[in-house]
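Input: a single structure, listed below in structure tokens.
Proteins get letters first, then strands, A, B, ... in listed order; numbering begins at 1 in each. Remember, it's a predicted structure, so these values are computed and weren't measured experimentally.
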Amino acid sequence: MRMSQLVLKTLREAPSDAEAISHQLLVRGGFIRRLASGIYTFMPLGMKVLKKLNRIVEEEFDNAGAQQMLLPALHPVEIWEQTGRLTKMEDVLMLTDTKAGRFVLAPTHEEAVIQSVSSDLSSYKDLPAVVYQIQTKFRDEARPRFGLLRTKEFVMADAYSFDADQLAMRSTYQRIYQSYLKIFDRCQVPFAPVEADAGAIGGDVNHEFMAPSAIGEDHFASCPSCGYAANIEAARAGGRRIETPLVDHEETVMHHTPSATDIKGAVESINSKGLALTPADMLKSMITVDPNGELTMFVLPGDRELKVPSGYRLLEAEEFERYGFLVKGFVGPMGMGNLGVKVVGDFSVSAPKGWSAGANVADYHVSGAWLDRDFFVDEWDSVVVVKDGDPCPRCSEGMKLVRAVEIGHTFQLGLAYSSKLSIASFVGADGQTHPFWMGCYGIGMTRLVAVIAEYFADEKGLRWPSEVAPYKVGLMSIGATRSEEVRELADRIYKDLMGAGVEVIYDDRDLGPGVKFADLELIGIPYLCVVGQRGIDSQKLEVRSRMDGSTTQVPIDEIVGYLVNI
RNA sequence: CGGGAAGUAGCGCAGCUUGGCAGCGCGCAGCGUUCGGGACGCUGAGGCCGCGGGUUCAAAUCCCGCCUUCCCGACCA
């Protein structure tokens, strides 16, 4: 491609609304242009990068035996009603009403793929099967962010697997999981597969693929010793209940703590009476409703945050009135056993100490409350949101919290969808109808562009790994308008590279060398070949690596061969 | 949805306090010089000053309402 022909205008300054480096550089380099908040056009250079990534996914998925297809982006609303996700995902669904009916702009494709392939997978002989697509998805993001990182319209590569039983599903899952490792390796971004929460997609076992990054919106806990890694929403801390013999301890004391309805207020209020408590000495007692509608109280140290287990929800403020014994703001674990409230304690609550807690009386807290004397715990578990240094649940080593971007997510859906959709079934060898055991697998392609851009960016601009670069070689002439010799040589090398199948972008513009260097560096072409009078005089051309900055002098008559094999 | 900031040429910004010709840099077009690190000179094109209303002889500027965008949080995967 001749740069004089390229639809591209690099910007010396980034738009003021671009915050993240990747966003700034992708706009400055002419890869993307904003059409509306969270909606971007992929310009020719950006499209090249996206196609490179798509190619990697296609190769690895094809290798794993998955078959590419293309599902519709517009779905009739009925298929979303059948699985109940119309309400479950309503915050992000983009609904459209037309003369022809109601449709949703699809945020994901589980329903559509089942509708589409079920009749082609009617027998156990048709299984296993894996299909995938690379498609635009739509989500009504409340807050699009950081350019391509979080958008309303984005490209995702999503695969769906269909198996006859759980064992087969697991083996398929493993196969696709391996493809994921290869795909991200080829993108050269650091990443970690972590255990995760299934969210609105549903299902049981699942993994997120997290790329550590400064623009990450997620955190995962990672154990440097044994390799345990889990999203902060799913991560558990290690620990166990500490058994301590009950001896004579100080008596519990009631403290008048008017309007001290939170941990901070209670600590201040009690300390004003001469004690020296910290939030870590308080018990945080959180009332939740379990999946059966029963009350469960979680008890944890006051300086920690409760990780609400999936299926549970916090009791709403208005609901407190329904339970007279719950005094909002002054709740504590004392006496809960007699009131039919199950108490689940974090392991750390078994530490041998007198706790302070809500007294279950308006405007009162107690101090010196001892486990097994003043309050009782029915069940012990790790119920806190993990923080830096917490012990690993497997090996007890201190864990690290890492900021990261989710670039992929794989799910063992099991029967989550096929139990709701009768067509998601096949006839087994026994002649009976059985539901599919499904899996689904997604990679945020446009998000990956942002993550790679962000990770490799330097002060001069982008640096694309060679497998995803829009062009492999940047060829530039210096002083070609003045020197016919330079122009002819550069033209000839360009033609030869094209003939040899090298992806080359040729800066043939009538501009000074500074601009050309700056532009090719900004757009991050991996190798830069400079053709100027200096090179003709020495019969050697300079080839620079954008990634590591190294330069090599290559004899003119070997230059094409060198660039082909580099 | 809550908090904060901002909308003036394609991009970055000044002008607004104190109302009076719509400006600067980059980019763009033409001519010339220059040519191994965003070089220079001359000439030129480009504007619903976010939108609507109000005050005024006169509004980018003052007042009211709305819209949009970005950041932090909530939500979300």
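With distances taken from any side-chain atom of A/R145 to the nucleotides B/A77, B/U34, B/C71, the minimum falls on B/C71. Distance from the side chain of A/A142 is smallest for B/A74 among the nucleotides B/C35, B/A74, B/G38.
Residues meeting the salt bridge (Lys or Arg N to Asp or Glu O under 4.0 Å) test with A/R12, sequence neighbours left out: none. Applying the side chain to side chain donor-acceptor pair (under 3.5 Å) rule to A/R186 yields the partners A/E59, A/E60, A/E467; only residues at least two apart in sequence or on another chain are considered. Shown here are the salt bridge (Lys or Arg N to Asp or Glu O under 4.0 Å) partners of A/K328, two or more places apart in sequence or in another chain: there are none. Legend: residues meeting salt bridge (Lys or Arg N to Asp or Glu O under 4.0 Å) with A/E58, ordered by chain and number and at least two apart, are A/R55. Under the salt bridge (Lys or Arg N to Asp or Glu O under 4.0 Å) criterion, A/R509 pairs with A/D507, A/D519, not counting sequence neighbours. The ring-ring contact (aromatic ring centres under 6.0 Å, His included) test applied to A/F298 returns A/Y312, not counting sequence neighbours.
If you take NE2 of A/H219 and P of B/A77, they are 17 Å apart, rounded to a whole angstrom.
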**Message:** One character per nucleotide, please: for nucleotides 2-10 of chain B, 5' to 3', B when the base has a protein heavy atom closer than 4.0 Å, S when only the sugar-phosphate does, - otherwise.
**Reply:** ---------

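The stretch residues 528-543 of chain A participates, sequence neighbours left out, in these salt bridge (charged side-chain N to carboxylate O under 4.0 Å, His left out) pairs: A/E542-A/R544.
Contacts between residues 150-162 of chain A and RNA chain B, defined by a heavy-atom separation below 4.0 Å, involve A/R150, listed by number. Contacts with RNA chain B (heavy atom under 4.0 Å) in residues 17-30 of chain A: A/D17, A/R28, listed by number.
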Can you list, pair by pair, the side-chain donor-acceptor contacts under 3.5 Å of residues 438-456 of chain A, counting residues two or more places apart and other chains?
unit_1, atom_1, unit_2, atom_2, d
A/Y441, OH, A/S161, OG, 2.8
A/T446, OG1, A/V155, N, 3.2
A/R447, NE, A/L149, O, 2.9
A/R447, NH1, A/E406, O, 2.8
A/R447, NH2, A/L149, O, 3.3
A/E454, OE1, A/S22, N, 2.9
A/E454, OE1, A/S22, OG, 2.8

Can you give me the N/O atom pairs linking the protein to nucleotides 24-32 of chain B at distances under 3.5 Å, or say none if there are none?
unit_1, atom_1, unit_2, atom_2, d
B/G25, N2, A/E13, OE1, 3.4

